[in-house]
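One structure is given below, encoded as structure tokens.
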Amino acid sequence: MTEAKGFFGLDSSVRFEGEGSTNPLAFRYYDKNRQVMGRSMEDQLRFAVCYWHSFTWPGGDPFGGETFNRPWMRQGGDPLAKAKEKAEVAFELFRLLDAPFFTFHDVDVAPEGETLGESIKNLNAIADIFEEKMKTHGTRLLWGTANLFSNRRYMAGAATNPDPDVFAYACGQVKAAIDVTKRLGGENYVCWGGREGYETLLNTDMKRELDQLGRFLSMLVDYKHKIGFDGPILIEPKPKEPSKHQYDFDTATVFGFLQKYDLVKDVKLNLEQNHAILAGHSFDHEVKLAYANDLFGSLDINRGDDLLGWDTDQFAMDVTEMTLVFHEMLKQGGFTTGGLNFDAKIRRQSIDPQDLVIAHVASMDACARALLSAERMLADGALEKPLADRYAGWDKAENQAILAGETSFETVAERGLGLQPQPRSGRQEYLEGVVNRYVY
């Protein structure tokens, strides 16, 4: 289908051309209708275009200003009119990529007003546009969220702020954001910690702040049920940035927090590769731990730079890394309400509008390759069989009785007196070779 050229200067949407294609604006592996373990590739991956990095980030860094110079980023003019122009370009990209989902922060789609009431009015004005465009474009909302970290009022946190008026303002902002998310059919609502953490313990009452955060989330969960929002609340762990220490450090930390405040049933996790790395873990580790504790929700699909120690939010291209993550996902049945959100920035030197399209195409293809590799690996039992063999001893009846709590400590200890167990190889190098055989 031919479309009029718009901001990106393209005549038609990106199409699947197969592995032999060298066209950077065509898919080589992502064939949305291809069946992967009983579901279409589109439904297995559930790609979402992230609104803030794609249309709001200007290309600046700590040492230089913006490089993209998009029309809606220019100084002056009516902020709401520029937000509407940005929405037009956003849906143009959704169409070009045939993206099934998008995600947004409130202040990235609509300008902040002088008061909270004005900001909410602006948000709903843009939501009106979204609602109309979603009827014809077919793109759905994966999740919405509120930016509780950029404005200076949140410099000491939002839910954890020492000022209860800031806490109340944050409640108002989140209420408006989840209301719009529900109105637009969003499947989840995300809470990223932002500045929920500390810069120094000299001015921080940690217990008080954690109790405030627990109460904030409990109130949000109550409101979610009150308005009939069916999707989960998602917390996105991150160990640092922008605060020195964030309270949602990693999967394990958030699990303990949710248990303490009785939120495990309603709150799941939105995990990100670079956040896992900053916490000293692998992406695969965080995903497997989330599944182990029934906390898996959704993924931000990006990557960090191995040579840099901060969150670079680059487009995900590491097929091997994603193969291991998708292997676990497929084994567990895949996404329910979650998806793969491109919380990623093109580099500040990638200034051409088409660079944004090409980045998404390349990363979607990398994800598709990883999904196919994971499917083949799982179908062959390439990792599952060695894993089952490693723990096979626990399948015996007497050992199952231990795990079921049917055997006393003394009985097991007495049994140990007659044993001389010998170590067995962990076969790490063999398994690494197996993974390499499947990643193509």
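The shown structure was predicted, so the numbers you read here are calculated from the model rather than taken from an experiment. Nothing fancy with the numbering, it's 1 onward along the sequence.
With S21 contributing its side chain and G18 its backbone, the two residues share no donor-acceptor pair below 3.5 Å. Not a single donor-acceptor pair under 3.5 Å links the side chain of D284 to the backbone N or O of E321. The closest donor-acceptor contact from the side chain of K268 to the backbone of D294 lies under 3.5 Å. In this structure a side-chain-to-backbone donor-acceptor pair under 3.5 Å is missing from Q44 to G334. Panel note: side chain Q332, backbone Y291; no donor-acceptor pair is recorded below 3.5 Å. Proximity of a side-chain donor or acceptor of E196 to a complementary backbone N or O of L213 within less than 3.5 Å is not detected. Side chain of H281 to backbone of E286: no donor-acceptor contact under 3.5 angstrom is found. Using a distance-only test at 3.5 Å, with no hydrogens or angles considered, no donor-acceptor pair links the side chain of K82 to the main chain of P71. Of the possible polar contacts, none joining the S243 side chain to the H245 backbone as a donor-acceptor pair under 3.5 Å is found. Not a single donor-acceptor pair under 3.5 Å links the side chain of D352 to the backbone N or O of D355.
Closest heavy-atom contact between P111 and N122: O-ND2, 3.0 Å. Taking every heavy atom of both residues into account, I126 and A110 meet most closely at CG1-CB, 3.8 Å. Y169 and T115 make their closest contact through OH-C, 4.1 Å (heavy atoms, listed as atom of the first residue, atom of the second, distance). Shortest non-hydrogen contact noted between N341 and C50 is OD1-CB, 3.5 Å. Between A279 and F249, the shortest heavy-atom distance links the atoms CB-CE2, 3.8 Å. The two residues F335 and M329 come nearest to each other via the heavy atoms CE1-CE, 3.2 Å.
Side chains of K84 and L80 form a contact here, defined as non-hydrogen atoms less than 4.5 Å apart. Considering only heavy atoms from C-beta on, F342 comes within 4.5 Å of S363 through its side chain. Proximity of L295 to L258: side-chain heavy atoms (C-beta onward) are separated by under 4.5 Å at one or more points. Taking the side chain as every heavy atom from C-beta outward, P24 and V361 never approach each other to under 4.5 Å. The shortest side-chain heavy-atom distance between W72 and V89 falls under the 4.5 Å cut-off.
For M206, the CE atom is densely surrounded, since the number of other residues' heavy atoms within 6.0 Å is greater than 12. Surrounding CD of Q349 are at most 12 heavy atoms belonging to other residues, nucleotides or ligands under 6.0 Å away. For CD1 of I351, the number of neighbouring non-hydrogen atoms (other residues, nucleotides, ligands) closer than 6.0 Å is 12 at most. Summarising the local packing, CG of D306 is surrounded by 12 or fewer heavy atoms from other residues, nucleotides or ligands at distances under 6.0 Å. For R153, the CZ atom counts as densely surrounded, since its 6.0 Å shell holds more than 12 non-hydrogen atoms of other residues, nucleotides or ligands. Counting heavy-atom neighbours within 6.0 Å of D78 CG, excluding the residue itself, gives a total above 12.
T56 contributes atom OG1, which lies 11.0 Å from atom CZ of R70 (distance to the nearest 0.5 angstrom). The distance from atom CD of Q246 to atom NE2 of H275, rounded to the nearest 0.5 Å, is 9.0 Å. For the atom pair F296 CZ and E328 CD, the distance stands at 9.0 Å (nearest 0.5 Å). Put simply, OG on S298 and CG on N270 are 5.0 Å apart, with the number rounded to the nearest 0.5 Å. In this structure, F315 CZ and H360 NE2 are separated by 4.0 Å, a value rounded to the nearest 0.5 Å. D262 contributes atom CG, which lies 7.5 Å from atom OG of S218 (distance to the nearest 0.5 angstrom).
A donor-acceptor contact closer than 3.5 angstrom is absent between the side chains of S13 and D98. Of the N and O atoms on the side chains of N274 and D313, not one donor lies less than 3.5 Å from an acceptor on the other residue. Side-chain atoms of S150 and N147 form a donor-acceptor pair, as typed in the model, at a separation below 3.5 Å. Counting only N and O atoms by type, the side chains of D106 and Q173 include a donor and acceptor under 3.5 Å apart. Side-chain contact annotation: D211 with Y261, donor-acceptor N/O pair under 3.5 Å present. R15 and S12 are linked by a side-chain donor-acceptor pair at a separation below 3.5 angstrom, with hydrogens and angles left out of the test. E272 and N302 share a donor-acceptor pair across their side chains, judged by distance under 3.5 Å alone. With 3.5 Å as the limit, one finds no donor-acceptor pair spanning the side chains of R195 and N161. Counting only N and O atoms by type, the side chains of E209 and Y247 include a donor and acceptor under 3.5 Å apart. Side-chain polar atoms of T312 and Q314 form a donor-acceptor pair below 3.5 angstrom.
By the ring pair (Phe, Tyr, Trp, His ring centres under 6.0 Å) test, F229 is found to be paired with no residue, residues two or more places apart in sequence or in another chain being considered.
Residue pairs satisfying the ring-ring contact (aromatic ring centres under 6.0 Å, His included) criterion with at least one member in residues 202-227, sequence neighbours excluded, are listed as follows: F167-F216. Pairs engaging residues 104-148 under the ring-ring contact (aromatic ring centres under 6.0 Å, His included) rule: Y51-F130, W52-H105, W52-W143, F91-F130, F91-H137, F102-F130, H105-F149 [sequence neighbours left out].
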D250 vs T253, side chain to side chain donor-acceptor pair (under 3.5 Å): CA-CA, chis, key distance, verdict: CA-CA 5 Å; D250 60 5; T253 304; 2.6 Å; yes
Can you check side chain to side chain donor-acceptor pair (under 3.5 Å) on N203 and Y198, steps first, answer last? CA-CA 9 Å; N203 64 6; Y198 63 79; over 6 Å; no
Could you walk me through whether R348 and D61 pass salt bridge (charged side-chain N to carboxylate O under 4.0 Å, His left out), step by step? CA-CA 8 Å; R348 72 190 302 266; D61 66 19; 3.5 Å; yes
Could you walk me through whether R28 and N23 pass side chain to side chain donor-acceptor pair (under 3.5 Å), step by step? CA-CA 9 Å; R28 301 175 67 235; N23 179 4; over 6 Å; no
Could you check T337 against N188 for side chain to side chain donor-acceptor pair (under 3.5 Å), going step by step and ending with a plain yes or no? CA-CA 7 Å; T337 63; N188 316 265; 2.6 Å; yes
Please assess D222 against K224 for the test side chain to side chain contact (heavy atoms under 4.5 Å, CB included), listing each intermediate value before the final yes or no. CA-CA 5 Å; D222 289 344; K224 156 188 132 71; over 6 Å; no
Begin from the C-alpha positions of Y30 and F47 and carry the test ring-ring contact (aromatic ring centres under 6.0 Å, His included) through to its verdict. CA-CA 11 Å; Y30 179 59; F47 289 125; 5.1 Å; yes
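Ion pairing between a basic and an acidic side chain is recognised when a charged N comes within 4.0 Å of a carboxylate O; E118 and K121 show no such pairing. The residues D31 and R34 are annotated as not salt-bridged, no charged nitrogen and carboxylate oxygen being separated by less than 4.0 angstrom. R46 has a carboxylate O that lies under 4.0 Å from a charged side-chain N of E187, or vice versa, which qualifies the two as a salt bridge. A salt bridge does not link D43 with K32: every distance from a Lys NZ or Arg NE/NH1/NH2 to an Asp or Glu carboxylate oxygen is 4.0 Å or more.
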